[in-house]
Amino acid sequence: MYAFDFVRPTSVADAVAALGEADAQALGGGQTLIPALKQRLASPSTLVSLGAIAEIRGVCLDDDGRVCIGGGTTHATVARQAAAHYPALAAMAGRIGDPAVRNRGTLGGSLANNDPSACYPAAVLASNATVITNTRRIAADDYFQGMFTTALEEGELITEVRFPVPQAANYQKFVQPASRFALTAVFVARFADGVRVAVTGASEEGVFRWTEAEAALSDSFTPGALAALSVPADGMIDDLHGTPEYRAHLVRVLTGRAVAAAG
Amino acid sequence: MTKVSMRVNGRPVSAEVEGRTLLVQFLREGLGLTGTHVGCDTAQCGACVVHVDGRATKACNVFAMDCDGAEVATIEGMAAPDGTLSPIQQAFQDHHGLQCGFCTPGMVMSAAALLDENPRPTEAEVREYLEGNICRCTGYHNIVKAILAASGQPVAVAAE
């Protein structure tokens with residue numbers, strides 16, 4: 001690891017100021033960034049730890065019944081504290097990585113990184129959540145812009161994410177057992193005005209909505225509604241764990257399982 | 001270099017560290033607590049698991065400065081001062097839960113965190129909790145057995 005300065009501000013304002021320095025980089029839980037630093041894939045001059053900022057941690061309900069989660073909240077905390085409000089979201093958080101990773105990794109870190117196989121992007125996109133930063137609110141549909149690419153500007157920090165709570169929801173993750181990332185995973189959320197289906201781990205463009213399935217499931221929320229649908233393999237990830245065709249197949253199978261489990 | 005202070009196994013410690021100093025380096029090289037092992041150094045294997053403020057944490061994947069003010073527990077703090085093993089450590093011995101022993105500190109610390117959260121886990125829950133702890137000797141069966149035994153649940157005794 002190259003050397004860097006390390007600062008640990010206790011407020012969002014101080015963190016944003018520190019991130020204004022040249023080549024400064026925010027550090028959430030570090031479960032992706034620290035391995036990347038060890039491999040010298042990143043070489044910030046200053047690392048701005050968000051670990052001491054209490055104002056971006058915690059889970060609560062707002063007046064509209066949305067689950068509001070601070071960007072610095074760990075997966076383990078979401079798994080425990082969101083369970084009563086949004087069980088499918090809590091269950092998803094409780095299966096990220098392993099227990100020690102869940103005790104450090106954060107919602108904001110996962111979303112800022114936008115790994116194409118991460119779990120949280122699927123939950124945020126399927127839930128039609130709003131990503132709140134130190135400067136603005138970003139709709140999930142505008143936030144994810146491709147593999148490791150988001151709407152965030154340089155130095156912009158995710159302070160909170162607000163999740164509307166669906167009537168029914170489920171996340172089906174086909175685990176890549178060595179990394180425990182999603183080989184492919186699908187989050188299905190049924191709202192009063194329609195169904196949203198978000199897929200992670202499959203596309204080279206990162207998380208995406210399977211709109212054909214959304215239309216079919218909005219008419220009939222049953223696994224059978226997917227019978228005539230298929231997902232094109234074009235643009236799916238091709239690696240030693242699975243071919244594009246395999247991932248495309250998994251998308252349909254996992255969507256059906258998620259609908260069956262959501263009920 | 002910046003000063004970092006924390007409590008390790010109940011003892012207040014402080015030292016000057018670099019920003020890039022990992023908690024595991026601080027423990028092993030700074031404090032001489034070499035019971036916490038570095039296996040993979042990529043947050044996969046779990047040999048470096050310690051508790052930070054009561055939560056299982058991979059010490060190779062957190063910076064020492066992010067533990068400023070924290071309460072850290074390592075394998076050295078598990079046995080009583082007179083050397084009496086903790087119930088989990090004793091169960092690992094009784095049920096042959098280790099062979100080479102390299103993964104054992106992390107296994108014991110993960111097991112302790114599990115039993116803090118879930119005092120009577122099922123076998124499936126134990127196995128799931130150990131997803132981030134890799135052992136290349138035992139095949140896990142005796143580790144799982146030891147943790148179930150440490151939780152006070154009956155387990156089959158291995159054939160002599």
Side-chain angles (χ1 to χ4, degrees), chain A residues 1-10 18 24-54 72 74-77 79-80 94-106 109 175-181, chain B residues 1-5 16-25 38 40-70 106-107 109-118 121 125-134:
Chain A
M1 214 176 329
Y2 293 112
F4 45 77
D5 293 328
F6 191 99
V7 295
R8 201 163 178 251
T10 55
Q25 160 97 48
L27 170 69
Q31 301 304 286
T32 298
L33 180 54
I34 294 175
L37 289 166
K38 289 178 181 179
Q39 294 175 311
R40 297 185 168 178
L41 295 173
S43 53
S45 59
T46 302
L47 212 50
V48 180
S49 169
L50 310 178
I53 307 176
T74 64
H75 311 322
T77 298
R80 282 193 302 272
R95 290 194 63 211
I96 296 172
D98 61 54
V101 167
R102 292 195 288 274
N103 282 336
R104 297 293 308 175
T106 65
V175 177
Q176 201 287 83
S179 71
R180 292 177 292 277
F181 273 90
Chain B
M1 302 283 273
T2 308
K3 188 176 176 185
V4 65
S5 302
E16 298 278 326
V17 298
E18 286 188 286
R20 61 182 168 177
T21 302
L22 298 162
L23 177 60
V24 74
Q25 293 172 309
V38 180
C40 66
D41 199 24
T42 58
Q44 306 286 319
C45 81
C48 66
V49 169
V50 300
H51 298 179
V52 176
D53 292 327
R55 303 279 180 203
T57 301
K58 290 179 173 172
C60 83
N61 216 24
V62 57
F63 291 114
M65 286 180 61
D66 247 342
C67 299
D68 192 41
M107 288 286 178
M109 297 312 287
S110 279
L114 167 63
L115 297 185
D116 280 348
E117 284 175 31
N118 183 357
E125 287 170 337
V126 173
R127 289 183 183 277
E128 190 181 333
Y129 202 89
L130 295 181
E131 273 192 329
N133 290 84
I134 294 174

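Residue numbers start from 1 in every chain, and the chains themselves are labelled A, B, ... in the order their sequence lines are given, proteins ahead of strands.
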**OP:** List the atom of Ala3(A), the atom of Glu18(B), and the distance in Å for their closest heavy-atom pair.
**Re:**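 That closest heavy-atom pairing would be CB-OE2, 4.4 Å.
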Original post:
side chain to side chain contact (heavy atoms under 4.5 Å, CB included) between Met1(A) and Phe63(B): does it pass, once the steps are laid out?
Top reply: CA-CA 12 Å; Met1(A) 214 176 329; Phe63(B) 291 114; 3.7 Å; yes
Original post:
For Ala178(A), is it the side chain, the backbone, both or neither that has a heavy atom under 4.5 Å from a heavy atom of chain B?
Top reply: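 The backbone, not the side chain.
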Subject >> Rounded distance [0.5 Å steps], CZ in Phe6(A) versus CZ in Arg20(B) >> reply: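 It is 14.0 Å, given to the nearest 0.5 Å.
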Subject >> Close side-chain approach of Lys38(A) and Cys60(B), heavy atoms under 4.5 Å >> reply: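 Yes. Closest side-chain heavy atoms under 4.5 Å.
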Subject >> Trace of the side chain to side chain contact (heavy atoms under 4.5 Å, CB included) decision for Arg104(A) with Asp66(B) >> reply: CA-CA 11 Å; Arg104(A) 297 293 308 175; Asp66(B) 247 342; 4.1 Å; yes
**OP:** Look at Pro99(A), Gly30(A), Gly51(A) and state which one has the largest set of heavy-atom pairs under 4.5 Å with chain B.
**Re:**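 Highest number of heavy-atom pairs under 4.5 Å: Pro99(A).
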Original post:
How long is the gap from CE on Met65(B) to CG on Leu47(A), to the nearest 0.5 Å?
Top reply: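 Going from the CE atom of Met65(B) to the CG atom of Leu47(A) covers 10.0 Å.
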Subject >> Side chain Arg55(B), main chain Ala76(A), donor-acceptor under 3.5 Å >> reply: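 Checking the backbone N and O of Ala76(A) against the side chain of Arg55(B), no donor-acceptor pair under 3.5 Å is found.
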Original post:
Of all heavy-atom pairs between Gln44(B) and Arg180(A), which one has the smallest distance, and what is that distance?
Top reply: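 Looking at all heavy atoms of both residues, the shortest contact is O-NH2, 4.1 Å.
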Original post:
Quick one: what part of Leu27(A) sits under 4.5 Å from any heavy atom of chain B, side chain, backbone, both or neither?
Top reply: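 For Leu27(A), side-chain heavy atoms alone lie under 4.5 Å from chain B.
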Original post:
Given a strict heavy-atom distance threshold of 4.5 Å, which part of Ile134(B) is in contact with chain A: side chain, backbone, both, or neither?
Top reply: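 Neither; nothing under 4.5 Å.
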**OP:** Identify the residue among Asp41(B), Asn61(B), Thr42(B) that makes a side-chain contact (heavy atoms from CB on, under 4.5 Å) with Pro35(A).
**Re:**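 Exactly one option meets the side-chain contact (heavy atoms from CB on, under 4.5 Å) with Pro35(A), and it is Asn61(B).
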Original post:
With chain A, which of Thr2(B), Val49(B), Asp68(B) has the greatest number of heavy-atom pairs at distances under 4.5 Å?
Top reply: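 Of the candidates given, the most pairs with chain A belong to Asp68(B).
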Original post:
Is Asn103(A) reaching over with its side chain to a backbone N or O of Ala56(B), donor-acceptor style, under 3.5 angstrom?
Top reply: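 Yes; judged by distance alone, with no hydrogens or angles, the pair exists.
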